[in-house]
Amino acid sequence: MRSKIFIVTKFEIIRQLKKPSFWIALLLMPLFIFAIVGLSAMNGYNAETSITEEWNSQDYKIAITDAAGILEAQETVTDKNEGIEKVKSGEIDIYYYIPENFLESPIIELHAKSKDGAIFANFEIPLRNLLMSSAASHLNPTDLTIITNAYQFNTTTYNANGEEVNLFGQALVPMAILGIFYILICVFGNRLIMAVVEEKENRISEMILTAVSAKDLIIGKIIALITLGFLQIAVFVIPIIAVLIIYRDNPMITELLSIAEFNPFVITTNILLLLFSYFLFAGLSTFVGSLVPTAREASQYIGVVMLPLVSPLFFISDFMSANPSFIVYFFSYFPLSAPIALMLRNAFGALPPHELIIALAELAICSAIVIHWTVKSFQKNAINFSVVKPKLGKRKTWKKR
Amino acid sequence: MKTPAVSVQNFTMVFNGKTIIKDLSFDVQPGEIFGLLGSNGCGKTTTIRALLGLYQPSGGELLVNGKQFNPNDNTITIGYLPEERGLYKKETVLDTFIYFGELKGLKNPRQWALNFLKRVDLSDKANEKTDKLSGGQQQKIQLGLTIMNNPKLLILDEPTKGFDPVNRKLLTDIIDELHQQGSTVILITHYMDEVERLCDRALLLKDGVAHAYGTIKGIRKQFKNKTLDEIFVQVYGEQDA
């Protein structure tokens, strides 16, 4: 005889796949994310302009070597190696090297210190401003075109110890994994709750519980929705891989691939964090579903799970620091906020291996405990068919006089 | 001595400090049809839910075939038609049957379902979603789901409540059939004519304790050969008054 968990899993997967709403959510969410990313990339120029003022107001120490003689009186460092060493030592924040043959080969070397929270900052802006303001009046139209538009930066960033780092490239793939987790919780949060509430709402839980134990039923449902989560991951990842392969000769993709780092350890550990986090999220969502008699009531409580879960995103810059603050530790070890906090820290290389092991163990233990509670709670509340709101405290009652 | 199909010993159930069932004991013997009778709220459904592990009893022991009920135990097949009953609204009739059939260990639930639907004149509804069926048609489906594993213990909680005469007849026919095949049946009902016609023994529950317990003949004798309807009115009329 087949396992009852397998029977429940199969039933739940097939019925979800038959729902048009499932496919709409499954396909629309990645499309929505791709659209946002695309718009963000297209809007890059505007973004640069808008943050120029912010750059100007900040106290960044900048040095330039203008071997091509394009800028007026800007040669603050004569030797390129000296400029690079000054960035490494922290004496200056950004160093630009404009080579002698710049007008023939318009590539500017950019060396910058990666400050906390400045991973996505555009270090190019100060020089772009200088090129626009001081060079334009001195050059012929052909050169002007190059200087105002047709040049590239070759950027190197350094960490606090003066070591070369590629924080953006390093974080790119792990952050995509975090993005997948975000999609999963958006698409499956409500479905996980509904999967548990449905038997109660349809008043079939008494009949079903004489055919299958509450434990097998709940575990089967969770496995089904985790399996469907993999389908969601495939729907998100396969188009990305396909685009990268088909358009691999496109300059933008070539540049992206040259920047992106594929660190197997960080990617593997973030995938593990994703899986354990999804187990915990599935447990929490089904637990909410097991407590209440109807989907409508469940939807009132899901915010309790979702808000702490996404709260680390409001403090994203704190998670990039190699010296974590109290809030980083709090979010990392508080089970409800741990998933995103840990994935952020791991993406930025700010999660030491010993903390990673503790975090994975914490997520696994919490998932097991929550799923155990869910089974117990479902068993206890399986015949809670009423739509009476759970009482949070004693209320005074008004009597007719 | 045969192991009782159901054994309830010193069962006590307390909800929020209020005792619903107090020290209740009875046995249901294999192959008999047993009536569990009482007015609304006297604890009949609570007893069955505790027997099936849906409630944790406050005290006592409730056994099915000598063991605590476990849905994964294949040594006894159970069919339970609860008082509160429903269906997966967005599933087709056939898919619902196949799901329950697989959970109950049937080898070919599809074929069983098709045969049953033919018997109850619902063959054309096999691929309909259950929420598209009429109330009477849904009752037939619920009944089919209850008996599809050919249960050795059939528990029917107010099975004819809301049933039209056609479905009532169908149900009593099915009870008869299963009884002929040796199944044990526990029947919770307010229809005393059904009890007199179908049951071998019965228990009258009042205020959480057994008010009368024995064969139908014995109970009638205890109440000066009144009919069960008259006994019911006498016992529970006093309570309502």
Side-chain angles (χ1 to χ4, degrees), chain A residues 1-22 191 194-221 224 293-295 375-387 391 394, chain B residues 16 45-46 48-56 64 68-74 76-92 95-107 109 129-131 138 141-149 151 153-157:
Chain A
M1 193 174 136
R2 277 184 295 173
S3 150
K4 290 189 178 180
I5 293 176
F6 173 79
I7 294 166
V8 174
T9 303
K10 187 184 81 173
F11 179 70
E12 292 293 334
I13 288 177
I14 291 172
R15 69 204 296 240
Q16 291 289 344
L17 292 177
K18 283 193 296 189
K19 289 179 186 170
S21 63
F22 173 79
R191 287 182 193 281
M194 274 306 295
V196 180
V197 172
E198 196 174 14
E199 271 81 10
K200 285 186 277 183
E201 201 162 63
N202 289 335
R203 296 171 185 248
I204 200 167
S205 41
E206 269 185 283
M207 280 178 86
I208 198 88
L209 286 177
T210 54
V212 58
S213 68
K215 186 179 169 188
D216 288 356
L217 186 69
I218 295 294
I219 291 174
K221 283 170 180 284
T294 64
V375 171
K376 293 282 173 200
S377 168
F378 184 79
Q379 181 89 44
K380 192 177 173 190
N381 296 306
I383 39 186
N384 179 12
F385 299 128
S386 71
V387 288
K391 286 178 184 172
K394 284 185 180 176
Chain B
N16 299 324
T45 300
T46 300
I48 296 302
R49 284 175 175 173
L51 178 71
L52 298 176
L54 297 167
Y55 283 150
Q56 185 68 35
V64 175
Q68 279 192 348
F69 174 70
N70 174 1
N72 292 329
D73 182 358
N74 297 320
I76 184 161
T77 49
I78 285 189
Y80 175 42
L81 185 68
E83 186 186 4
E84 289 281 359
R85 54 189 94 122
L87 292 167
Y88 288 107
K89 287 179 187 166
K90 298 296 171 193
E91 293 306 310
T92 66
D95 286 345
T96 307
F97 269 112
I98 291 170
Y99 180 46
F100 271 80
E102 286 181 344
L103 286 174
K104 290 184 173 195
L106 262 71
K107 283 185 180 154
K129 287 185 176 168
T130 58
D131 63 348
Q138 289 187 20
I141 305 304
Q142 288 152 351
L143 187 59
L145 295 174
T146 306
I147 60 158
M148 73 184 302
N149 55 340
L153 174 62
L154 182 64
I155 302 171
L156 304 165
D157 192 346

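By convention in this document, chain letters (A, B, ...) are assigned in the order of the sequence lines, proteins followed by strands, and residues within each chain are numbered from 1.
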Region of [X] that comes under 4.5 Å of a non-hydrogen atom in chain B:
X: A:Ile208; result: both
X: A:Glu198; result: side chain
X: A:Lys18; result: side chain

B:Phe69-B:Tyr80 aromatic ring centre distance below 6.0 Å: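 Ring centroids of B:Phe69 and B:Tyr80 are no less than 6.0 Å from each other.
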B:Leu54 versus chain A, the contacting section by heavy-atom distance below 4.5 Å: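 Looking at B:Leu54, backbone and side chain both touch chain A.
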Can you list everything that forms a ring pair (Phe, Tyr, Trp, His ring centres under 6.0 Å) with B:Tyr55? Sequence neighbours excluded, please.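 Applying ring pair (Phe, Tyr, Trp, His ring centres under 6.0 Å) to B:Tyr55 gives B:Phe15.
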Just to verify, which of A:Val212, A:Leu217, A:Thr9 counts as forming a side-chain contact (heavy atoms from CB on, under 4.5 Å) with A:Lys4? A:Val212
For A:Ala195 versus A:Lys221, what's the shortest heavy-atom pair and its separation?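 Nearest heavy atoms, A:Ala195 then A:Lys221: O-NZ, 2.6 Å.
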If you count heavy-atom pairs under 4.5 Å with chain A, which of [options] comes out on top?
options: B:Glu83, B:Arg85, B:Lys107; result: B:Arg85
options: B:Gly53, B:Gly86, B:Gly79; result: B:Gly86
options: B:Leu81, B:Asp95, B:Asn72, B:Ile78; result: B:Asn72

Side chain to side chain, B:Glu91 and A:Arg15, heavy atoms closer than 4.5 Å: yes
Residues which pass salt bridge (charged side-chain N to carboxylate O under 4.0 Å, His left out) with B:Asp157, listed by chain and number, not counting sequence neighbours: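 Expected list: none.
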